[in-house]
Amino acid sequence: GEMAKLPQLLDNEAFRAYATYTTIVLLKMMLMSLVTAYFRITRKAFANPEDTASFGKAESAKKYLRTDPDVERVRRGHLNDLENIVPFLGIGLLYALSGPEVSTALLHFRIFAGARILHTFAYLIPLPQPSRGLSWAVGYSVTISMAYKVLKTALYL
């Protein structure tokens, strides 16, 4: 067989939906890096000695080499994105190429993106539990649902 070409992929509505929502969650994940940097700067809490150079030399700058609860909260949210968005990228791609109904694919992708965005707000504000846990579980369930569909559709064990 011949490898699919990009124009052929763009004719696949499920793939276009995947590309759209993948871009959204990847941009959201990238934004977490900027939020981490913002919190590091505003809280003056840095992880590396060279990052404290603008605050003085040696001993006077050492007090800025520290952890901060707000910075750590953002970092944990970003780590959770990595743990959940990366599997979505691979499984979602396989799912999009497995021939799902477009409406079902859109539902999966929209719910996942919405759950990840809500999870970020729940982490950063912070919203009371179980909002963060539920938003995580919804996104995780969507990825599991897509994985099940891929395995059911194209099982070669």
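- Under the 3.5 Å distance criterion, the side-chain polar atoms of Q129 are matched with a main-chain donor or acceptor of G133.
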side-chain contact (heavy atoms from CB on, under 4.5 Å) evaluation trace for T20 with I24:
CA-CA 6 Å; T20 299; I24 290 168; 4.3 Å; yes
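- Cluster annotation: I85 and V35 are assigned to distinct hydrophobic clusters (Ile/Leu/Val/Met/Phe/Trp/Tyr, side-chain heavy-atom contacts under 4.5 Å, transitive).
- Between atom CD1 of residue I111 and atom OG1 of residue T143 there is a gap of 11.5 Å, rounded to the nearest 0.5 Å.
- Around atom OH of Y140, no more than 12 heavy atoms belonging to other residues, nucleotides or ligands sit under 6.0 Å away.
- In this structure, H119 and Y123 have perpendicular ring planes: the angle between them is above 60°, well past the 30° mark.
- In the hydrophobic clustering of this structure, V25 does not group with L134; members are Ile, Leu, Val, Met, Phe, Trp, Tyr whose side-chain heavy atoms approach within less than 4.5 Å, directly or through other members.
- A45 and D68 make their closest contact through CB-CB, 3.5 Å (heavy atoms, listed as atom of the first residue, atom of the second, distance).
- Of all non-hydrogen atoms in F46 and I41, the two that sit nearest each other are CZ-CA, 4.1 Å.
- Expressed to the nearest 0.5 Å, how far CG of L151 lies from CE of M146 amounts to 12.0 Å.
- Distance check, rounded to the nearest 0.5 Å: CG of N84 to CE of M29 gives 10.5 Å.
- The two residues K63 and R66 make their nearest non-hydrogen contact at O-CD, 3.3 Å.
- Checking side-chain atoms of Y18 against main-chain N and O of E13 turns up no donor-acceptor pair under 3.5 Å.
- For the atom pair CD (E72) and CG (L79), the distance works out to 10.5 Å, reported to the nearest 0.5 Å.
- For the atom pair S131 OG and W136 CH2, the distance stands at 14.5 Å (nearest 0.5 Å).
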Evaluate the ring-ring contact (aromatic ring centres under 6.0 Å, His included) criterion for residues F88 and F112: first the C-alpha distance (whole Å), next the side-chain angles of each, then the deciding distance (0.1 Å), finally the verdict.
CA-CA 9 Å; F88 168 81; F112 181 84; 4.0 Å; yes
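- Taken together through direct or relayed side-chain contacts under 4.5 Å among Ile, Leu, Val, Met, Phe, Trp and Tyr, L34 and M32 form part of one hydrophobic cluster.
- Side-chain atoms of S145 never come within 3.5 Å of backbone atoms of S141 as a donor-acceptor pair (strictly under, hydrogens ignored).
- Here the rule is side chain to side chain donor-acceptor pair (under 3.5 Å) with Y21, and of R16, R116, R110 only R110 fits it.
- Although no hydrogens or angles enter the test, the distance criterion places a donor-acceptor pair under 3.5 Å between the side chain of N12 and the main chain of F15.
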Less than 3.5 Å apart, which donor and acceptor atoms pair up between the side chains of residues 90-102 and the rest of the protein, not counting sequence neighbours?
residue, atom, partner, partner atom, Å
Y95, OH, H108, ND1, 3.3
S98, OG, Y95, O, 2.7

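- The shortest distance between side-chain heavy atoms of V142 and L107 does not fall below 4.5 Å.
- In this structure, V150 and T153 have side chains that are not in contact, with every pair of non-hydrogen atoms separated by 4.5 Å or more.
- The CZ atom of R76 lies 7.5 Å from the CZ atom of R132; values are rounded to the nearest 0.5 Å.
- Grouping the Ile, Leu, Val, Met, Phe, Trp and Tyr side chains by contacts below 4.5 angstrom, directly or via other members, places V74 apart from Y64.
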Stepwise side-chain contact (heavy atoms from CB on, under 4.5 Å) test for L65 and D51
CA-CA 9 Å; L65 276 176; D51 299 337; over 6 Å; no
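- Side-chain atoms of K28 and T120 include a donor-acceptor pair closer than 3.5 Å.
- In the hydrophobic clustering of this structure, I144 does not group with L82; members are Ile, Leu, Val, Met, Phe, Trp, Tyr whose side-chain heavy atoms approach within less than 4.5 Å, directly or through other members.
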